[in-house]
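Within every chain, numbering begins at 1; the chains are lettered A, B, ... in the order of the sequence lines, protein sequences first and strands thereafter. Keep in mind that what you see is a predicted model, and the values were worked out from it rather than measured.
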There are 2 protein chains.
Amino acid sequence: MYTESVENYLKAIYKLSSRQGGGYASTKAIAEVLEVRSASVSKMLQRLEKMGMVHHRSYQGVQLTSQGRRIALRTIRRHRLLETYLYEVLGYSWEQLHSEAELLEHYISDLFEAKIDEALGFPTHDPHGDPIPSKEGKMPDIQHIALANVEVPGEVVIARVPDSSAQFLCYLKEVGLLPKVSLKVLRKEPFNGPLLVVLGDREQVIGREVAGKIWVKKKRDLIDGGRIDEENS
Amino acid sequence: MYTESVENYLKAIYKLSSRQGGGYASTKAIAEVLEVRSASVSKMLQRLEKMGMVHHRSYQGVQLTSQGRRIALRTIRRHRLLETYLYEVLGYSWEQLHSEAELLEHYISDLFEAKIDEALGFPTHDPHGDPIPSKEGKMPDIQHIALANVEVPGEVVIARVPDSSAQFLCYLKEVGLLPKVSLKVLRKEPFNGPLLVVLGDREQVIGREVAGKIWVKKKRDLIDGGRIDEENS
DNA sequence: ATCTAAAATTAGCCTTGACTAATTTTAAAT
DNA sequence: ATTTAAAATTAGTCAAGGCTAATTTTAGAT
Ligand SMILES: [Mn+2]
Ligand SMILES: [Mn+2]
Ligand SMILES: [Mn+2]
Ligand SMILES: [Mn+2]
C-alpha cells in the first residue's frame with residue numbers, strides 16, 4: 001500500500017510524539033531513529049504533509065494526522081504480531097525477532113495479519129511486553145515505570161523491555177531480565193550507581209543505564225490494577 | 001539482499017529460458033511476464049549484465065549466469081515454500097497463495113526460509129504441484145505432458161497447474177481439477193475442440209485451452225517411474 | 001539587543017526503475 | 001536484393017528516497 005520508507009517514518013513520528021506531552025517530533029530525532037540525514041527527513045516531511053499524513057510546522061516539529069496515526073498503528077500492530085508469531089510459532093530466538101519483523105511489517109497483507117492474529121489467539125502483547133494495537137487502531141495505554149526509578153525497597157514485575165538491540169536482548173536473556181519475571185530492588189547506589197536486585201534465588205547488580213530501559217509494574221498494581229495504591233497513599 | 005525488481009527479472013528469465021531448448025529469453029517475453037515495457041527491460045538487462053547476473057547478446061536474448069541462476073532459484077524456492085506454508089499452516093485458500101508469495105519471496109530472511117521449511121517437513125512440491133528447488137539450488141527436472149496432448153483413451157494424474165491466475169484456480173477448484181486427482185480422457189473433439197474426461201464419478205468437458213495448461217503424468221509412469229512404458233513400446 | 005551554535009531547510013546531485021518517443025537492428029516476405 | 005514490420009535499443013523524462021553543501025531560522029548566552 002504505502003512504501004516501506006513512508007511507513008517507517010510514520011512509526012518513528014508516532015513513537016517520538018507519543019513519548020511525551022506536546023506531541024511534536026523533531027526532525028533531528030526522526031533522523032536519529034531512522035539513521036538518515038536531517039535533510040532527508042525535511043524532504044520526507046513535506047511529502048508526508050502533501051499526503052495528508054502529518055501536520056508540519058516548519059522549524060517546529062511534526063504531528064501525525066488521524067490518517068497518519070492509522071497507518072503508524074497498523075504497522076506497529078503488524079510488527080508486534082509478527083514478532084509474536086515468529087517467537088511462538090516458528091521458534092525464533094528473542095534477539096532475532098526485531099529485524100525480521102521490521103522488514104516484513106511492510107509487506108504482509110491484511111489476510112496474513114488476520115491469519116497470524118487468529119493462529120496466536122488474538123494476543124495483546126508481544127514477546128518484549130509491548131502492547132499490540134487492536135485491529136481498529138486502539139493502543140492500550142500503559143503506565144509503567146523504569147526499573148531505575150523504583151523506590152527501594154520495592155517488589156516489581158518486568159513489563160516491557162526494548163526490542164531493537166539484539167545485543168542488549170542477549171544480555172537481558174543471560175541474566176534473566178525477561179518480561180513477567182519478578183524481582184526485588186534492594187539498593188540503589190548513589191551518583192547514578194548500579195542497582196542491587198534479587199532475581200529468583202540470587203542477587204544481581206544492574207547498571208543504572210540498563211535499569212532505565214527496563215519497564216516494570218509494582219507488584220501491588222498487578223494484583224489490584226493500581227486502585228489500592230491510590231487509596232493507601 | 002537484491003531488490004524485488006531484480007529478483008523478479010531473474011525469475012522471469014529463468015522460467016522463460018528453461019521453457020525450451022536454446023535457453024535465451026527475449027526482451028519482449030520478459031516484458032510481457034513482468035507487465036513492463038520493453039524499453040524498461042532493455043535497460044534492466046544492461047544493469048543485470050553489469051551485476052554479472054546475465055549474459056546478454058544484444059538483439060538476441062539473455063541467459064542467466066550461474067550467479068543469476070542461483071538467485072532465481074533461491075527466489076523460486078522461497079515463493080514455493082511460502083505458498084506451501086500459507087496453504088498448509090495458515091489455511092490460505094488456493095487462489096490467495098500466489099499474490100502473497102510473490103511479494104514476500106523478496107523479503108524473508110534465510111532464517112525464515114529455514115524455519116518454514118522445517119515446519120513443513122522439507123516439502124518437495126508446492127500446492128500447485130510445482131517442485132521446490134533444494135536449498136543448494138537443485139531443481140528436480142520433471143517431464144509432464146499437457147492434458148491437451150494426452151492420447152485417448154488415456155488415464156492420467158494431474159501433476160501441476162498454473163499458479164498465477166486466481167480466477168483460473170477458482171475454476172479448477174470448482175470442477176475438481178486439482179493436483180493428484182486422476183482422470184480418464186475419453187474423447188478429444190477435433191478442430192481444437194474440448195476434451196471429454198471422467199473425473200471421479202462424473203463426466204466433464206474441458207476446453208482445449210484449459211487442458212493445455214494442466215500438466216499430467218500417465219498413470220503407468222506413476223507406478224513404475226516410466227520404465228515399463230519404454231519396455232512396452 | 002546581539003551573537004552564536006544547533007537545528008532545520010533548501011538546493012542540487014545520485015541511483016533505481018518505471019515511462020514515452022525516436023531510432024536501429026533483425027528477419028521474413030517479396 | 002529490397003522492402004517492411006516486429007523487436008530491440010537509445011534518448012530523455014519522472015518520482016521516490018537517499019546524500020552533501022549551503023543557507024536560514026531559532027533559541028540560548030552574553
Ligand atoms: Mn520490534
Ligand atoms: Mn520497518
Ligand atoms: Mn506462485
Ligand atoms: Mn515477486
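Within the nucleic acid shown, B/Tyr2 has no heavy atom closer than 4.0 Å to any nucleic acid atom. Residue contacts shown for A/Thr27 are limited to sugar-phosphate atoms, with no base heavy atom under 4.0 Å away.
Note on ring orientation: taking the six-membered ring where Trp is involved, the planes of B/Trp94 and B/His128 are tilted (angle from 30° to 60°).
When distances are taken from the side chain of B/Val6 to each of D/dA8, C/dG17, D/dG17, the shortest belongs to C/dG17.
Atom pair A/Tyr59:OH and D/dT25:P shows a separation of 5 Å (rounding to whole Å applied). Across the protein-nucleic acid pair, A/Lys28 atom NZ and C/dA5 atom P stand 16 Å apart, rounded to whole Å. In this structure, OH of B/Tyr24 is placed 16 Å from C1' of C/dT26, rounded to the nearest angstrom. A straight line from CG of A/Leu45 to P of D/dG17 spans 13 Å, rounded to a whole angstrom. Atom CG in B/Leu48 sits about 12 Å away from atom C1' in C/dG17, given to the nearest Å. In this structure, CD of B/Glu49 is placed 11 Å from P of D/dT9, rounded to the nearest angstrom. Residue A/Lys50 contributes atom NZ, which lies 12 Å from atom C1' of D/dA16 at whole-angstrom precision. When the C1' atom of C/dA27 is taken as reference, atom CD of B/Gln60 falls 10 Å away, rounded to whole Å.
Looking at A/Arg80 and A/Asp163, no side-chain N of the basic residue comes within less than 4.0 Å of a carboxylate O on the acidic one, giving no salt bridge.
Under 4.0 angstrom from either OP1 or OP2 of D/dT9 there lies at least one side-chain N or O belonging to B/His56. For C/dA18, one of the phosphate oxygens OP1 or OP2 lies less than 4.0 angstrom from a side-chain nitrogen or oxygen of B/Tyr9. For the pair B/Thr3 and C/dG17, the criterion of a side-chain N or O lying under 4.0 Å from OP1 or OP2 is met. Proximity of A/Ser5 to the phosphate of D/dG18: a side-chain N or O atom is located under 4.0 Å from OP1 or OP2.
Between A/Lys43 and B/Lys43, the one whose closest nucleotide on DNA chain C sits nearer the 5' end is A/Lys43. Judged by closest nucleotide on DNA chain D, B/Gln46 is the one of A/Met44 and B/Gln46 placed further toward the 5' end.
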Check against side chain to side chain donor-acceptor pair (under 3.5 Å), A/Ser93 and A/Gln96: CA-CA 6 Å; A/Ser93 70; A/Gln96 295 167 318; 3.0 Å; yes

Could you go through A/Gln60 and A/Tyr24, starting from their C-alpha distance and side-chain angles, then the distance that decides it, and tell me whether this counts as side chain to side chain donor-acceptor pair (under 3.5 Å)? CA-CA 8 Å; A/Gln60 302 300 317; A/Tyr24 278 83; over 6 Å; no

What verdict does the ring pair (Phe, Tyr, Trp, His ring centres under 6.0 Å) test give for B/Tyr92 and B/Tyr87, after you've listed the backbone C-alpha separation in whole Å, the side-chain angles of each residue and the deciding distance to 0.1 Å? CA-CA 5 Å; B/Tyr92 271 57; B/Tyr87 186 71; 9.5 Å; no

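For the side-chain hydrogen bond (donor to acceptor under 3.5 Å, both in side chains) criterion with A/His106, the lone passing option out of A/Lys11, A/Glu4, A/Glu7, A/His79 is A/Glu7.
A heavy atom closer than 4.0 Å to some atom of DNA chain C occurs in B/Val36, B/Arg37, B/Ala39, B/Ser40, these being the qualifying members of residues 29-40 of chain B.
With sequence neighbours left out, A/Ser134 forms a side-chain contact (heavy atoms from CB on, under 4.5 Å) with A/Glu136, A/Lys138.
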